Number of protein chains: 2
Amino acid sequence: MDTETDDVQRNRQPAREVDPIDRKILGVLVDDATISYAELGDRVGLSPPAAHERVKRLRRSGAIRATSAIIDPKAVKKPLLAFVHIDTRGWGKTPELMAISECPEVEEIHSVAGDTCMLLKVRTEDTRALEGLLSRIYETPGVVSTRSYVVLSTYLERPVQPDITAQWPAPKHMATPVY
Amino acid sequence: MDTETDDVQRNRQPAREVDPIDRKILGVLVDDATISYAELGDRVGLSPPAAHERVKRLRRSGAIRATSAIIDPKAVKKPLLAFVHIDTRGWGKTPELMAISECPEVEEIHSVAGDTCMLLKVRTEDTRALEGLLSRIYETPGVVSTRSYVVLSTYLERPVQPDITAQWPAPKHMATPVY
DNA sequence: ATAATGGCCGAATTAAATTCAGCATCAACG
DNA sequence: CGTTGATGCTGAATTTAATTCGGCCATTAT
């Protein structure tokens with residue numbers, strides 16, 4: 001497969017409509033992006049170069065944001081997952097957001113509708129590290145703690161967008177509930 | 001790159017310790033899994049076959065769960081993200097869990113510590129579809145609704161495990177806050 | 001009608017993955 | 001200590017896949 005760095009960096013294209021074949025391609029590549037273009041073409045009914053062409057277009061348009069290895073958190077000793085809910089009423093523009101997004105433990109930051117709060121998804125080695133991260137976050141000016149959920153077991157953690165195609169395959173990348 | 005389907009299906013190996021070079025490799029592959037083994041070897045200081053060998057081992061051991069295309073939810077018309085919090089006090093063993101994990105809109109299922117509840121991450125086309133999904137979930141015997149958060153903007157959504165290495169690169173796959 | 005475009009295919013070329021035959025290191029063991 | 005076996009590396013050789021390219025067909029605009 002080709003290096004996508006250039007594509008991702010390049011400015012996003014006019015972005016043609018994503019058609020059913022594109023959706024099939026996305027579905028296949030979410031499941032396994034290591035297959036050859038010959039295999040991909042087979043599965044969606046195209047020749048290898050045609051499949052390649054479409055994948056390049058999907059990358060350029062930004063529909064494929066990246067191709068990434070999905071890592072088992074246990075393997076890198078970050079088994080403790082938590083969802084942290086913070087009040088953002090005292091916030092300025094975005095410096096607080098930037099500060100939080102710099103924390104490598106923070107995987108996701110979402111703004112919640114109808115509530116001046118944010119929801120963070122964070123992953124740490126243990127409760128000690130989680131507490132450290134939380135106190136660092138709560139030290140950020142304007143940030144107020146509300147609730148946090150510490151996750152004990154994770155039963156499902158799919159890459160992204162499980163139902164891109166109509167006929168979605170059986171769930172595969174289930175996280176083993178061993179945390 | 002090789003097809004990982006076999007590796008993933010094959011039974012997990014004795015699982016040697018993940019050393020610093022492995023961590024570097026994981027970090028590079030989370031960032032971009034489309035590079036060649038030559039490029040990967042360059043970045044971590046190994047020959048292409050050696051890099052290849054390690055990646056194969058990481059796949060076999062399960063440290064690399066999958067290699068997956070990260071899709072822009074907007075491109076597939078699923079811009080509405082929500083976190084759904086359900087009470088599981090009335091649950092039996094796992095049939096309820098299976099039922100929920102079959103829903104293609106459900107991306108993650110986590111069990112919360114100290115609380116008989118679960119946290120679901122779901123993504124739908126619009127509020128209409130979200131309501132439909134919620135009522136389907138709440139119809140499941142034993143499932144009781146507690147809270148849900150509907151996400152308006154997403155500021156950061158990294159693939160997985162941002163800090164595998166000590167020197168982590170700048171965050172890249174940020175979700176555009178446009179929902 | 002006809003030109004221009006976009007998307008596809010198959011063949012040809014280039015580049016990468018993969019295999020393989022050594023070689024070095026290290027730990028276990030006689 | 002020297003030997004043996006296992007592990008992990010390298011560079012060269014081979015196989016496989018990515019990529020390029022010329023031409024074809026269908027759709028759309030002129």
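Predicted model only: the values in this text are computed from it and were never measured.
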Mind calculating the distance between OH (A/Tyr37) and C1' (C/dA15) to the nearest angstrom? 13 Å
Rounded distance (Å) that lies between atom P of C/dA17 and atom CD1 of B/Ile35: 9 Å
Kindly say if A/His52 contacts the phosphate of D/dT19, meaning a side-chain N or O under 4.0 Å from OP1 or OP2. yes
Nearest whole Å is fine: how far is D/dT19 P from A/Glu53 CD? 11 Å
Of the listed C/dC8, D/dA17, D/dC9, the closest approach to the A/Leu46 side chain comes from C/dC8
Looking at A/Arg54, I'd like to know whether one of its side-chain N or O atoms comes within less than 4.0 Å of OP1 or OP2 on C/dC8. yes
Is the backbone N or O of B/Val30 less than 3.5 Å from a side-chain atom of A/Ser68, with the two atoms forming a donor-acceptor pair by type? yes
If you check the B/Pro49 side chain, which of D/dT20, D/dA18, C/dT19 turns out closest? C/dT19
Whole angstroms only, please: what is the CG-P distance between A/Asp19 and C/dC8? 8 Å
Report the distance from atom NZ of B/Lys56 to atom C1' of C/dT18, rounded to the nearest whole Å. 7 Å
Atom CD of A/Glu39 and atom P of D/dT16 are separated, to the nearest Å, by 15 Å
Whether A/Thr124 side chain and A/Asp126 backbone form a donor-acceptor pair below 3.5 Å: yes
Can you tell whether the side chains of A/Lys78 and A/Glu105 come within less than 4.0 Å, N to carboxylate O? no
Test item: side-chain donor near acceptor, B/Arg59 and B/Thr67, under 3.5 Å: yes
In whole angstroms, the gap separating P of D/dT10 from CD1 of B/Ile21 amounts to 9 Å
